[in-house]
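Contents: one structure, followed by commentary.
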Amino acid sequence: MQPAKPVPSSDAVDANRPKRIADQVADKLLDMITAGVFLPGDRLPGERQLAEDMKVSRVSIRAALQKLKTRGYLRAVQGGGTEVLSSTGIEMDTAMTDLVRDSLNNLRDLQEIRCTLETWRARRAAINASDEDIELLRIAYRQAHDPRRAPKYRADDDHPLHMMIGRASGSIIYYHVMKMLHDVLQAALTEIRFNNLSGPSFDRMVQEHHYAIVEAIAARDPDASEKAMSEHLQAVIKYFTLSAVNKPN
């Protein structure tokens, strides 16, 4: 009498079962996000374009996008479209915003952590930035300090410049981490109204610092890039601290 054949476990069966097309599409999109083809803040092509590019149905594309939205990699954009989120997920963004919104100590800690990370980032950008990256940095700098822009857009204009330096660093992991930190800081600072306390002197300081950072990266000088970024962020930390002390009730 021959021994009975072992019954495959459900895990083994699942491992051997071909993936649904939607799951394959989701995996491919996630690989593209991991590789930096799509970065946090980027909008994905429309469903029709994705379906044509991947040679699958729009139904499969829609299911794949929904899967990645559920997992926190994507979100629907108001007015249509899909945007890549930080791989840390929106729940972490919300939790950290709550932690720093009402605590100056937490805000200062986060700024100091950001300073450590961004000085590394600036140094690496000076080493890795392509000619195209440098041109995009200079465009972002001009947009951030366009005198025709109203002061209320200051935070919105500052954000792309810092993220462009992150892109130039060539580190996808860094880019995702800093996207989350920047979103938290921007949300927190807006809520506690630090942006309303700045003025022409602060704006001039920031513009001078940004110029020094961009030009040091363009000169491929890692030491100068690191120093310029450190001086900028330390000055911002000092400014936030003084603004909080002098903030009217």
Side-chain angles (χ1 to χ4, degrees), residues 36 39-41 84-129 133 137 140-141 144-145 153-195 197-198 202-203 205-214 216-217 222-245 247:
L39 291 169
V84 180
L85 288 170
S86 167
S87 59
T88 50
I90 55 176
E91 292 81 5
M92 180 63 76
D93 290 1
T94 302
M96 288 192 66
T97 300
D98 288 342
L99 286 173
V100 303
R101 180 180 52 204
D102 298 319
S103 170
L104 178 61
N105 287 334
N106 286 343
L107 175 63
R108 186 165 45 239
D109 286 349
L110 186 56
Q111 283 280 27
E112 289 176 356
I113 292 168
R114 174 192 173 197
C115 184
T116 299
L117 291 172
E118 290 212 45
T119 51
W120 174 89
R121 180 271 309 270
R123 183 178 191 88
R124 181 148 173 176
I127 296 170
N128 291 337
D133 289 330
L137 270 175
Y141 167 80
H145 298 289
Y153 297 116
R154 186 183 299 110
D156 292 338
D157 293 338
D158 180 87
H159 183 74
L161 174 61
H162 278 269
M163 294 312 300
M164 188 60 66
I165 299 172
R167 185 186 291 253
S169 74
S171 172
I172 302 304
I173 288 294
Y174 172 87
Y175 194 94
H176 277 266
V177 171
M178 284 311 300
K179 177 65 169 64
M180 185 271 291
L181 290 183
H182 267 283
D183 287 351
V184 170
L185 283 166
Q186 187 166 340
L189 294 175
T190 297
E191 289 196 38
I192 59 181
R193 304 184 183 280
F194 273 128
N195 288 329
L197 296 175
S198 61
F202 178 78
D203 292 344
M205 179 193 77
V206 171
Q207 183 171 358
E208 291 171 1
H209 289 175
H210 283 169
Y211 181 82
I213 294 165
V214 171
I217 293 172
D223 290 339
S225 300
E226 181 177 351
K227 181 182 178 191
M229 182 63 78
S230 178
E231 289 178 349
H232 169 53
L233 293 176
Q234 290 295 342
V236 171
I237 291 171
K238 181 179 179 180
Y239 168 77
F240 287 156
T241 302
L242 292 175
S243 295
V245 170
K247 177 183 174 183

Could you report the tightest heavy-atom contact between [X] and [Y], atom names first, then the distance?
| X | Y | value |
| --- | --- | --- |
| Q207 | H145 | CA-CE1, 3.4 Å |
| G170 | R124 | O-NH2, 4.2 Å |
| I165 | A122 | CG2-CA, 4.3 Å |
| A129 | I217 | CB-CG2, 4.2 Å |
| L117 | V177 | CD1-CG1, 4.4 Å |
| Y141 | V214 | CB-CG2, 4.3 Å |

Spacing of [X] atom [atom1] and [Y] atom [atom2] [to the nearest 0.5 Å]:
| X | Y | atom1 | atom2 | answer |
| --- | --- | --- | --- | --- |
| R167 | N128 | CZ | CG | 14.5 Å |
| M164 | L161 | CE | CG | 8.5 Å |
| S230 | R123 | OG | CZ | 12.0 Å |
| S171 | W120 | OG | CH2 | 4.0 Å |
| L233 | T116 | CG | OG1 | 9.5 Å |
| L137 | H162 | CG | NE2 | 11.0 Å |

Problem set entry | Donor-acceptor contact below 3.5 Å, side chain T119 vs main chain C115 |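 Such a contact is found between T119 side chain and C115 backbone.
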Problem set entry | Distance-only donor-acceptor check, side chains D158 and H210, under 3.5 Å |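 Side chains of D158 and H210: pair found under 3.5 Å.
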Exercise. Which residues pass the salt bridge (charged side-chain N to carboxylate O under 4.0 Å, His left out) test with R114, sequence neighbours left out?
Worked result: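 Expected list: E118.
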Problem set entry | ring pair (Phe, Tyr, Trp, His ring centres under 6.0 Å) against H209, all qualifying residues, sequence neighbours excluded |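 Result, ring pair (Phe, Tyr, Trp, His ring centres under 6.0 Å) vs H209: H232.
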